[in-house]
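First up is the structure itself, then whatever we jot down about it.
The basis for the numbers below is simple: all heavy atoms, side chains too, and nothing from hydrogens, waters or symmetry mates. The residues of the chain are indexed from 1 along the displayed sequence.
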Amino acid sequence: MRLRAVTSTDGMTAEVYPFDFAFLNRVAGRIVNEVRGINRVTYDITSKPPGTIEWE
C-alpha cells in the first residue's frame, strides 16, 4: 500500500504534505495489522513535477 498526500493550488504542481512521523508510524502500523494481505506501507514524498499525483 502506498500513501501519498500533497498540497496543490493549481493541480499542475504539488508538494508533499509534511505529516508528523509519529502519525505516519501509527497509520502504517494500523494498516499492516488490520488490513489482510498488506505487509508494507510506503510514503511517497516526490514533488510534482517530476512525479505525478496519481499512482503510475
Results of ring-ring contact (aromatic ring centres under 6.0 Å, His included) for Phe23 - residues two or more places apart only: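 Once residues adjacent in sequence are excluded, the partners of Phe23 under the ring-ring contact (aromatic ring centres under 6.0 Å, His included) criterion are Phe19.
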What verdict does the side chain to side chain contact (heavy atoms under 4.5 Å, CB included) test give for Thr13 and Asp10, after you've listed the backbone C-alpha separation in whole Å, the side-chain angles of each residue and the deciding distance to 0.1 Å? CA-CA 7 Å; Thr13 60; Asp10 60 10; 3.2 Å; yes
Can you run down the side-chain hydrogen bond (donor to acceptor under 3.5 Å, both in side chains) pairs that involve residues 17-28, sequence neighbours left out, and say none if there aren't any?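 For residues 17-28: none.
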Could you name each residue pair satisfying side-chain hydrogen bond (donor to acceptor under 3.5 Å, both in side chains) that touches residues 27-39, not counting sequence neighbours? Arg30-Glu34
Show your working on side chain to side chain contact (heavy atoms under 4.5 Å, CB included) between Val41 and Val27 and close with a plain yes or no. CA-CA 9 Å; Val41 176; Val27 169; 5.9 Å; no
